[in-house]
Amino acid sequence: MLKDYDLKQLVSPLLQWFLNHARVLPWREKPTPYRVWVSEIMLQQTRVEAVKPYFERFTTALPDAKALAVCPEDELLKLWEGLGYYNRVRNMQKAAVEVVENYGGQLPADYEKLLKLKGIGHYTAGAVASIAYGIPVPAVDGNVLRVLTRVSADDTDIMKQSFRNEMEKLLEKLMHGADGRNEKNVFPWMEDADDLRAKVYHQNLAGAFNQALMELGATICVPNGAPLCTECPWKDFCEAKKQELIGQIPVKSKAKPRKIEKKTVLILRDDEKVAIRKRPAKGLLAGLYELPNVEGNMGQEEVLSMVKEMGYAPIRIQPLGEAKHIFSHIEWHMTGYAVRVEEPEMHPQVQCEKNRADGLLFVEAEDAKEKYAIPSAFAAYAKYMNILLGNEKKA
DNA sequence: AATGCGGGGAC
DNA sequence: GTCCCAGCATT
């Protein structure tokens with residue numbers, strides 16, 4: 001059990017290791033509260049490598065909370081396109097509005113206040129408070145749970161909320177003792193605390209400690225495959241290694257099997273424009289744009305009659321084959337068709353922004369790519385948006 | 001406590 | 001194929 005394990009012996013070796021092995025990451029160079037916040041939201045359930053290309057672009061386009069607060073939704077979603085979990089960015093914008101209204105545009109240097117903001121839970125509040133402000137509070141994520149259960153050979157199910165709560169309490173006590181969250185009093189029991197503080201990133205011991213735990217999990221005590229125990233600063237302290245339990249810890253209850261949904265996806269276009277459609281404001285891929293699609297896998301004839309039923313005059317149809325997209329809880333098994341139709345009577349752009357009754361928006365293929373956020377689920381078919389049908393060859 | 005919510009990399 | 005990632009909101 002972790003609560004019986006001596007965590008104090010781990011802190012100094014961990015920080016010493018982190019001094020030499022911390023990765024250079026964009027958000028570590030200039031850890032302003034806003035940049036730390038953006039990075040932490042992006043990093044929720046998302047790997048560092050996936051976040052990198054998004055972070056610079058996002059913070060350049062929206063350099064502070066005020067800019068984020070007033071950004072139009074389509075632009076915001078476009079900046080987030082492909083990152084997934086799109087409610088993260090919508091919640092972050094709601095929080096930005098609150099930060100501008102209540103905190104003068106600056107994130108509060110207060111764990112409890114951070115926790116009240118939309119999209120900020122225990123982990124993110126702890127990460128921002130410690131990394132941006134040096135406040136000694138823990139930031140317990142999947143990495144932390146893995147390295148701590150392994151080092152102590154704890155076989156508790158890490159999916160249990162109660163266990164996560166215990167870890168936070170334990171770490172909080174470790175970080176600031178019993179005298180509150182004083183940023184000048186991190187690891188008060190540690191003899192070389194001040195010496196280490198002088199050496200770590202931005203002289204921030206609390207932030208360095210939390211990041212070091214996660215760094216250890218991300219680069220040494222890895223989730224997939226064999227951990228690199230020979231390079232681990234805790235190799236002499238690790239109970240899982242001693243007892244050869246590395247492969248069995250952490251214990252994690254299994255996820256439910258995914259639901260399979262069949263879909264027919266259309267590249268519906270006339271001689272110049274292609275149809276897209278805005279998804280509902282709630283639920284899967286909320287507010288993003290998609291290729292028109294219906295439930296079920298249809299054949300050519302079925303698609304043609306449906307397109308006619310929708311009020312279009314098909315000229316030619318071309319099958320685009322099958323594609324699969326896997327979400328965390330759903331699988332889309334899709335079949336796609338390119339259907340060329342005669343020009344609809346009313347293009348919404350021409351008709352004073354009035355959408356067609358079927359909700360389809362006819363746009364230039366270039367615009368569909370550049371201006372509208374279309375999730376990766378449609379990538380297998382979206383790539384055909386700018387090819388022409390019939391005898392005309394690829395553009 | 002359980003469920004919904006993306007996408008991709010490692011094995 | 002399986003696992004899981006610097007999780008959070010809602011019910």
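Values reported hereafter were calculated over all heavy atoms of this structure, with side chains retained and with hydrogens, waters and symmetry mates removed. It should be emphasised that the depicted structure is a prediction, and the values quoted were computed from it without experimental measurement. Labels below follow one simple rule: chain letters A, B, ... track the order of the sequence lines, proteins then strands, and each chain is numbered from 1.
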Distance check: side-chain N/O of Gln45(A) vs OP1/OP2 of dG7(C), anything under 4.0 Å?
yes
Which heavy atom of Tyr381(A) sits nearest a heavy atom of Gly321(A), and at what distance?
OH-O, 2.8 Å
Donor-acceptor side-chain pairing of Ser12(A) and Asp192(A) below 3.5 angstrom:
yes
Between P of dG1(C) and NE2 of His325(A), the distance in whole Å:
14 Å
Among the nucleotides dA6(C), dC5(B), dC4(C), which one has an atom lying closest to any side-chain atom of Arg28(A)?
dA6(C)
Examine dC8(C): is either OP1 or OP2 under 4.0 Å from a nitrogen or oxygen in the side chain of Thr124(A)? Give yes or no.
yes
Please tell me if Lys282(A) has a side-chain N or O lying less than 4.0 Å from either OP1 or OP2 of dG4(B).
no
OP1 or OP2 of dC8(C) versus the side-chain N and O atoms of His122(A): is any pair under 4.0 Å?
no
When you get a sec, tell me which of dG7(B), dG4(B), dC3(C) is the closest nucleotide to the side chain of Leu285(A)?
dG7(B)
So what does Leu25(A) hit on the nucleic acid, given a heavy-atom distance under 4.0 Å: a base, only sugar-phosphate, or nothing?
base
Considering heavy-atom distances to DNA chain C, does Gln44(A) or Ile326(A) have its closest nucleotide positioned more toward the 5' end?
Ile326(A)
Under 4.0 angstrom between Lys118(A) side-chain N/O and dT10(C) OP1 or OP2
yes
When the distance from NZ of Lys252(A) to P of dA2(B) is rounded to whole Å, what number comes out?
15 Å
Polar side-chain contact Arg23(A)-dA6(C) base: donor and acceptor under 3.5 Å:
yes
What I want to check is whether the side chains of Glu215(A) and Gln211(A) have a donor and an acceptor closer together than 3.5 Å.
no
Between Arg28(A) (side chain) and Arg23(A) (backbone), is there a donor-acceptor pair under 3.5 Å?
yes
Short side-chain N/O contact from Lys324(A) to OP1 or OP2 of dG1(C), under 4.0 Å:
yes
Is any side-chain heavy atom of Glu98(A) closer than 4.5 Å to a side-chain heavy atom of Lys118(A)?
no
Look up atom CG in Leu288(A) and atom OH in Tyr372(A), then write down how far apart they are to the nearest 0.5 Å.
13.0 Å
Toward the 5' end of DNA chain C, by each residue's nearest nucleotide, Gly142(A) or Pro223(A):
Pro223(A)
Using a heavy-atom cut-off of 4.0 Å across all strands, would you classify Leu83(A) as base, sugar-phosphate, or nothing?
base
Gly119(A) versus Thr124(A), closest heavy-atom pair with distance
O-OG1, 4.5 Å
To the nearest Å, how far apart are Leu117(A) CG and dG7(C) P?
19 Å
Check whether any side-chain N or O of His329(A) sits under 4.0 Å from OP1 or OP2 of dC5(B), and answer yes or no.
yes
How many Å lie between CZ on Arg164(A) and C1' on dA1(B), as a whole number?
15 Å
Can you identify which nucleotide, out of dA6(C), dT3(B), dG7(B), has its nearest atom closest to the Ser376(A) side chain?
dG7(B)
Among dG4(B), dT2(C), dG6(B), the one nearest Arg258(A) by side-chain distance
dT2(C)
In this structure, how many angstroms lie between the C1' atom of dC11(B) and the CZ atom of Arg47(A), rounded?
11 Å
State, without any angle test, whether Ser253(A) and Asp157(A) hold a side-chain donor-acceptor pair at a distance under 3.5 Å.
yes
Take atom P in dG8(B) and the same atom in dC8(C), then report the distance between them in whole Å.
22 Å
Report yes if a side-chain nitrogen or oxygen of Lys52(A) is closer than 4.0 Å to either non-bridging phosphate oxygen (OP1 or OP2) of dG8(B); otherwise report no.
no
Gap in Å between the two P atoms, one belonging to dA6(C) and one to dG4(B), rounded
24 Å
So what does Val48(A) touch, heavy atoms closer than 4.0 Å: a base, only the sugar-phosphate, or nothing?
base
Just the rounded figure in Å: distance from P of dG7(B) to OH of Tyr54(A).
9 Å
Strictly below 4.0 Å: does Arg146(A) bring a side-chain N or O up to OP1 or OP2 of dC4(C)?
no
Nearest of dG7(B), dC5(B), dA6(C) to any side-chain atom of Tyr85(A)?
dC5(B)
Measure from the side-chain heavy atoms of Asn224(A) and tell me the nearest of dA6(C), dG9(B), dG6(B).
dG9(B)
Would you indicate what Asn91(A) reaches in the nucleic acid, counting non-hydrogen atoms under 4.0 angstrom: base, sugar-phosphate, or nothing?
sugar-phosphate
d(CG, Leu284(A); P, dG4(B)) in whole Å
11 Å
hbond_proxy Thr46(A) side chain to dG6(B) base (donor-acceptor, 3.5 Å cutoff)
yes
Residue whose nearest DNA chain B nucleotide is more 5′ - Ile330(A) or Ala226(A)
Ile330(A)
Whole-Å distance between dG7(B) C1' and Ile374(A) CD1?
16 Å
What's Gly283(A) touching, base or sugar-phosphate or nothing? Going by heavy atoms closer than 4.0 Å.
sugar-phosphate
